[in-house]
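The chains referred to below are lettered A, B, ... by the order of the sequence lines, with proteins before strands, and numbering in each begins at 1. Every value quoted in this text rests on a predicted model; they were computed, and no experiment measured them.
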Amino acid sequence: MPNPFENGYQPKEIEAHWQGYWKEHQTFRVNENSEKPKYYCLEMFPYPSGRIHMGHVRVYAIGDLIARFKTMRGFALLHPMGWDAFGLPAENAAIKQKVPPAEWTLKNIAAMRAQLGKLGLSYDWDREVTTCLPDYYRWNQWLFIKMFERGLAYQKEGTVNWCPSCETVLANEQVIDGECWRCSSQVVQKRLNQWFLKITDYAEELLSSAETLTGWPERVLLMQKNWIGKSSGLEVHFPLDDRPNESLTIFTTRPDTLLGVTFLCIAPEHPLLLPLIAGKDQENAVLSFIEKIKQQDKTVSTSLTVEKEGLFTGAYAIHPLTHEKIPIFTANFVLMEYGTGIIMAVPAHDQRDFEFATKYNLPIRLVIQNKAQSLVLPLSEAFVESDGVLVSSNIFTGLDPDAAKKAICRYVEKEGLGQEKIYYRLRDWGISRQRYWGTPIPMIYCETCGVVPVPLSNLPVLLPSDIPFSGKGVSPLLQSPSFIKVDCPKCQKPARRETDTMDTFFDSSWYFLRYVSPHETGNPFDPNQAAKWLPVTQYIGGIEHAILHLLYARFFTKVIADLGLTQIREPFLNLLTQGMVIKDNAKMSKSKGNVVDPDHLINEYGADTTRVFSLFAAPPEKDLVWSDEGVQGASRFLTRVCKMVYEQVPPACSSQEPVRGEVVINASSGTKAIYRMTQRTIKRVTEDTEKFCFNTAISGLMEFYNFLSHEIGNRSVEEKDDLTYQRVLRDAMEKLVVLISPFAPHLGEALWAHLGHLPSISQISWPVYDPAWTESETVEVVVQVNGKIKTKFIEAAGTDEEVLKKTALSDPKVITAIGNLPIKKIFVIKSQLINIVV
RNA sequence: GCCGGAGUGGCGGAAUAGGCAGACGCAAGGGACUUAAAAUCCCUCGCGCUUAGGCGCGUGCCGGUUCGAUUCCGGCCUCCGGCACCA
């Protein structure tokens, strides 16, 4: 075992030694038979890009601290690691470097596993999960077929987001400001036949059960809530004027404005538009308008800044309440994908309708008057608020809008003119990708039998390796005849395989379940083990997954529960979203050229220093500003602790009795102070770490070190001979080492061994403090006159209020400040402050 | 536009059931040790004035509640994030 301070603090040697020890002794292997309460600590698994970056260091340092802390606090830990190993970069590498994606990926995994090893992370590597291996992705296929059987996976032709650079489809969640989330290319719209997962079936539950996620950051829940976008309203049928048996159905969230309708608008791509214009004078004009809108880029045409335009269709509808003739328009601002694709336009009370009506000179009818009764036509903008009173609204006149909503809904439903309805903004999740390096979608197209799933017993559908990677043209799997050709499982006639692969977010939507039994062969996971470990107690990852991964994982968890494999309906009990690593005012990234290489840091300062710095520099959920000097500060701290424990630790005492309050009760005040400080530090570090305030926990450790170092420095030789002092000081140092160990685990082990204990420090119990000794013996009392500080004095803790008052009033500075003004009142805050009001 | 979050020294950040603003660290300045440098150790460190005892100001801005406000309330400003023609 290396001597931790023979030649100064030598992190390299210490760390290599203890990493070897942990590996050899399987220190972090999950104990399946433990009676302790379970704790599942999970960090989002990385994409194996080849090298770890500071963002990885940060998230894994946080996760590892929590795992080690919770282990010492008496929990049985599941703390696994794996690889989100499918994805486009592997394919790009194949095109550029002519390396097969599998080879490239597995090489990267090996390199990154070694890097994580050098950080000393406490994973059970026996549970490693790699999504690109058949023993994992076969269960993607299995889950897909189960979803297909339940109608949760279905095919539809539709307009999809297409990234021309990645040459693949993107989910709505993967389009950021009209750009590809991965490569920032402009996304275009394309019509394709695609596989979708029916996440919308779970919209309501995703919304309502989010309320139970009290361990999640509020803002993540809010983002998901907005993304799901529930709105309740009313559908109303408007019969056509020339075909009274047919009608157009609109959706509105403002039924109170139903009497203010002056026209209807239908989306240009709506299938009902063509029969509407057939044979009308306007037919040709409308057709060319439809063509024009089709040509437009969707992300541009749906932007708010585009001017509203539209056209009269020549057709009229009949208002179901007033029986007036209402002209029907088609307009670019009406979305086909939301609601019924047809809206009722109320220009007086909707800004978009107002702009349209103003532009085309359409009538505006005021049906809600504001509180001040000050609205008069013509309006300068729509009155959209919901406080006021209904006017010109037939039998509903005089009601306030809220009451009117209810009354009109009731009336419409009773008369059979429509029904109340809820719509969601959330769309189904398109998972087809025209790429190679992903899970093959296990479907077969047969001319006789149609779309047939691969029988479960034939899984996995393996990715073929006879693919030329040109980087051009069609889906790579189309170029593998051996893959495409298959016999129909039903009729045995020649058929053709689906050549699209799955979105890699499919892989990561359930990997946390695979960890509970990663070698299971009969099921995606062992339901008994899942029942034992799930839900994940603490999940840690970046805020960038607030919607994408976290929503998909919640959806999968509900589907898997409905398949009867688990009882849980939410996967992650507590969520910590850590901030980014920033340097020179920008997120660290290769493209910005501001990266700090973790390998270099570990070589230069050691893993412990790197970890302590990243935990100390900022609270976990905030961005961390990189500072080279800050790393040196962390290094200095660990060096000092190492030096002190190595050089100053008193010899072990023969007494077996642990150091408790009774031991120090008659000791010198200095010895008592050390004991008090030890108790106080245990309390502080425990509480701060529980609250995930790692930066202040480390501050507490630093203060403890500073205190001990001064104590030792100020002690005379005779005092150092005192046996109680030695016992208490040794106990303090032992506690310091134990408390520091989850933050700087290698140093913890080294010093623990130096103190004469057997490894591993990671397996010992977290210290408990004595509450009677966490408070200081004396307190400093602040004296204010009229809220301004005049003086301070030291008093024994718990001194009587009257005594405090007397002491304060007899202070010369206070007497001067009061002068001969009469005292009105004296506020005394126990053991803290006295405020004399004159 | 709508919905969130945040504004504290030169910097990262502490402190809020209302009670000493700036813990801890970094940087900076001074000193000790050293032939010298690095490392290490000690001291100073919000701003302004000062007769060296103090005095005034200070947590984005303006107001309010209070003996007392970084903390609570009202109104603004700025920055960051999410959504965005969702009817």
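- By the 30° and 60° cut-offs, the orientation of the rings of A/Phe251 relative to A/Tyr338 is perpendicular.
- Following rounding to the nearest Å, A/Gln784 (CD) and B/C20 (P) show an atom-to-atom distance of 8 Å.
- Between B/C24, B/G4, B/C20, one nucleotide has an atom nearer to the side chain of A/Leu833 than all others, and that is B/C20.
- Stacking here means ring centres nearer than 5.5 Å and ring planes tilted less than 30 degrees, and by that measure A/Phe827 stacks onto B/C67.
- Within 3.5 Å, a donor on the side chain of A/Lys308 pairs with an acceptor on the base of B/C85, or the reverse.
- Ranking B/A27, B/C24, B/C20 by closeness to the A/Arg636 side chain, first place goes to B/A27.
- In this entry the distance linking CD1 of A/Ile789 with P of B/A69 reads 12 Å, nearest Å.
- Between the CG atom of A/Asn332 and the P atom of B/C85 there is a distance of 12 Å, rounded to whole Å.
- Heavy-atom minimum distance, A/Asp353 versus A/Ile343: OD1-CD1, 3.8 Å.
- Among the nucleotides B/C83, B/G12, B/C20, the one closest to any side-chain atom of A/Arg425 is B/C83.
- Of the candidates B/G82, B/C26, B/G12, the closest approach to any side-chain atom of A/Ala617 belongs to B/G12.
- Listed pair A/Ser231 / B/A87 meets the phosphate criterion, a side-chain N or O lying under 4.0 Å from OP1 or OP2.
- Side-chain N/O atoms of A/His710 include one lying less than 4.0 angstrom from OP1 or OP2 on B/C42.
- The A/Ser699 side chain lies nearest to B/C24 when the options are B/C85, B/C24, B/G4.
- Here the side chain of A/Thr252 is nearest to one of B/A87, B/G13, B/C26, namely B/A87.
- The shortest distance between the side-chain N/O atoms of A/Lys622 and the OP1/OP2 oxygens of B/G13 is below 4.0 Å.
- What separates NZ of A/Lys359 from P of B/C85 is a distance of 17 Å, to the nearest Å.
- Of the two residues near RNA chain B, A/Lys813 and A/Asn706, the one whose nearest nucleotide lies more 5' is A/Asn706.
- Relative to the side chain of A/Val334, the nucleotides B/A23, B/A87, B/G19 differ in distance, and B/A87 lies closest.
- A/Asn695 comes within 4.0 angstrom of the backbone, heavy atoms only, and of no base.
- Considering only the side chain of A/Asn835, B/C67 comes nearest among B/G12, B/C67, B/G13.
- Between the CG atom of A/Asn226 and the P atom of B/A84 there is a distance of 10 Å, rounded to whole Å.
- Side-chain atoms of A/Met702 lie closest to B/G25 of the nucleotides B/A14, B/G25, B/G4.
- The side chain of A/Met223 lies closest to B/G82 when the candidates are B/A14, B/C83, B/G82.
- The strand RNA chain B forms stems, runs of 3 or more Watson-Crick or G-U wobble pairs with distances below 3.5 Å, at B:1-7 with B:77-83, B:10-12 with B:24-26, B:28-32 with B:40-44, B:46-49 with B:54-57, B:60-64 with B:72-76.
- The CD1-P distance, from A/Ile547 to B/G82, rounds to 9 Å in whole Å.
- Nearest heavy atom pair, residue A/Ala317 against residue A/Phe238, reads CB-CB, 3.9 Å.
- What separates CD of A/Glu687 from C1' of B/A15 is a distance of 15 Å, to the nearest Å.
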